[in-house]
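Notes for the one structure printed next.
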Amino acid sequence: MKEGFLIGGGLIVAGLLLELSVGPVVWDAFAWPVNGIVLALFVAIIVGIHLLCGKVYAFRFLSTYQAAVPVMCYAVVLTVVMGLTRQTVNGQWIYNMLTFWPFVLTYVYMALIVGLVVLKSGFRLKSPTKIVAALFHLGLFITMTTATLGNADMQRLKMITAIGEPEWRALDQQGHVKELALAIELKQFIMETYDDGSPKRFASEIEILTKKGEKFLTTVDVNKPAEVDGWKIYQYGYDTSMGARSNTSILELVSDPWLPYVYGGIYMMLAGGLLMMITGARKR
């Protein structure tokens, strides 16, 4: 266990040195196909370590609970710090944990251990308990890797639409203009208010024209997006000076092509947890 905590602490120190020398992690550099290549190499490294476990003590140690428990402790502490500090896109150090090297290295190390546990339990599917453990850890591994590497391909854009004016341009989080393969025209802005005049609900009736020439009307709310060509279109804002008479509407467009894999991993974890309960009840 001491070795495990020393390794985790060493990763924290190494991460701080990287943060000081090269700056935060630049996830944009891992956009497709780089993230696919990195994932394939990561899996290959895990397989190689697994095959050498019998010959190298350090590799054998990585698949033990003495390695897993300390790194989970470090991960929990960093995650709590992340939850207690305001996270911003342009923040530095603990104020943008997803680009903070100690946080990233800790989770990469934990994903490595989880991957080794998957292979270790995968070759010992002799009982329902082993099968359940393999399913749960495989789901965890898929969720961690795809959610992290897929972050580079996620786009979150803001589009200002106006009545009678089709718009195909949007702004990214850095303020850069992006031209899309679809156009959106605002047909009507909808607002419902309370008795005191404060907004109760605001939504937009929009017309979407896709690159295939398809055109259709739909209504988007704050938490009820429209989905088209891999984009989720949410209601985001409006001209507050005009209120219910606003002729413009601000939409948020989100594209996350790796999200189905993340959900797949989560569903595997849920299935594994449910099966753990069932098999544990049967044993008792």
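Position 1 is the first residue of the sequence, and the numbers go up from there. On a predicted model such as this, the values are computed, not experimentally measured, just so you know.
- Proximity of a side-chain donor or acceptor of Tyr74 to a complementary backbone N or O of Phe5 within less than 3.5 Å is detected.
- Ile49 places a side-chain heavy atom less than 4.5 Å from the side chain of Leu112.
- Taking 4.0 Å as the cut-off between side-chain N and carboxylate O, Lys158 and Glu252 count as a salt-bridged pair.
- Annotation for Ile7: atom CD1 counts as buried by contact number, over 12 foreign heavy atoms lying within 6.0 Å.
- Contact of the Glu3 side chain with the Gln66 side chain is not registered, since no non-hydrogen atoms from C-beta on lie closer than 4.5 Å.
- Counting only residues at least two apart or in different chains, salt bridge (charged side-chain N to carboxylate O under 4.0 Å, His left out) contacts with residues 215-240 comprise Arg201-Asp221.
- Minimum heavy-atom separation, Met159 to Leu180: CE-CD1, 3.7 Å.
- The side-chain heavy atoms of Pro199 and Tyr194, taken from C-beta on, include no pair separated by under 4.5 Å.
- Looking at Trp258 and Asn35, their side chains come closer than 4.5 Å, going by heavy atoms from C-beta outward.
- For Asp256 against Met154, the heavy-atom pair with the smallest separation is OD2-SD, 3.8 Å.
- The backbone N or O of Phe61 sits less than 3.5 Å from a side-chain atom of Thr64, completing a donor-acceptor pair.
- Between Ser63 atom OG and Lys120 atom NZ the span is 4.0 Å, to the nearest 0.5 Å.
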Could you walk me through whether Phe202 and Val222 pass the side-chain contact (heavy atoms from CB on, under 4.5 Å) check?
CA-CA 8 Å; Phe202 56 94; Val222 175; 4.0 Å; yes
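- Note: Tyr261 OH to Ile142 CD1 = 11.0 Å, rounded to the nearest 0.5 Å.
- If you chain together hydrophobic residues whose side chains sit under 4.5 Å apart, Val43 and Val34 fall into the same group.
- For Ser246 (side chain) and Met242 (main-chain N/O), no donor-acceptor pair under 3.5 Å exists by modelled atom type.
- Although no hydrogens or angles enter the test, the distance criterion places no donor-acceptor pair under 3.5 Å between the side chain of Arg169 and the main chain of Glu179.
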Go through it in stages, so that I can follow the logic: the residues are Phe216 and Thr210, the test is side-chain contact (heavy atoms from CB on, under 4.5 Å), and I'd like the CA-CA distance, side-chain angles, deciding distance and then a yes or no.
CA-CA 9 Å; Phe216 58 93; Thr210 69; 4.2 Å; yes
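- Residues Tyr236 and Leu251 form no side-chain contact, since every pair of their non-hydrogen atoms from C-beta on lies 4.5 Å or further apart.
- One distance of note links CE of Met144 with CG of Leu149; it measures 11.0 Å at 0.5 Å rounding.
- Here Asn247 contributes atom CG and Ile163 contributes atom CD1; the two are 4.5 Å apart, rounded to the nearest 0.5 Å.
- In this pair, Phe42 and Phe141 present their aromatic rings parallel. The plane angle is below 30°, not in the 30 to 60° band.
- Legend: residues meeting side chain to side chain donor-acceptor pair (under 3.5 Å) with Glu19, ordered by chain and number and at least two apart, are absent.
- The side-chain heavy atoms of Val228 and Leu182, taken from C-beta on, include a pair separated by under 4.5 Å.
- Contact annotation: the side chain of Leu138 approaches that of Met268 to within less than 4.5 Å [non-hydrogen atoms, C-beta and beyond].
- A distance-only check finds no donor-acceptor pair linking the side chain of Thr85 to the backbone of Tyr95 [under 3.5 Å].
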What verdict does the side-chain contact (heavy atoms from CB on, under 4.5 Å) test give for Trp27 and Val25, after you've listed the backbone C-alpha separation in whole Å, the side-chain angles of each residue and the deciding distance to 0.1 Å?
CA-CA 6 Å; Trp27 285 113; Val25 179; 3.8 Å; yes
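- Under the 30°/60° scheme for interplanar angles, the aromatic rings of Tyr267 and Tyr263 are found to lie parallel.
- Between Tyr107 and Thr79, the side chains place a donor N or O and an acceptor N or O closer than 3.5 Å (distance only, hydrogens not considered).
- One N or O on the side chain of Asp153 and one on the backbone of Trp32 form a donor-acceptor pair closer than 3.5 Å.
- The CZ atom of Phe103 lies 13.5 Å from the CG atom of Leu11; values are rounded to the nearest 0.5 Å.
- Proximity of a side-chain donor or acceptor of Thr161 to a complementary backbone N or O of Ile184 within less than 3.5 Å is not detected.
- Distance alone, capped at 3.5 Å, places no donor-acceptor pair between the Trp101 side chain and the Val22 backbone.
- One finds the CE atom of Met97 at 9.0 Å from the OG1 atom of Thr106 (value rounded to the nearest 0.5 Å).
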Chi angles and distances behind the side-chain contact (heavy atoms from CB on, under 4.5 Å) call for Leu16, Leu18
CA-CA 5 Å; Leu16 291 173; Leu18 285 170; over 6 Å; no
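- In this structure the side chain of Phe189 never reaches within 4.5 angstrom of the side chain of Arg245, judged on heavy atoms.
- When the shell of 6.0 Å around CG of Asp196 is examined, it contains more than 12 heavy atoms from other residues, nucleotides or ligands.
- Put simply, the side chain of Gln235 gets close to the backbone of Ser204: a donor and an acceptor are under 3.5 Å apart.
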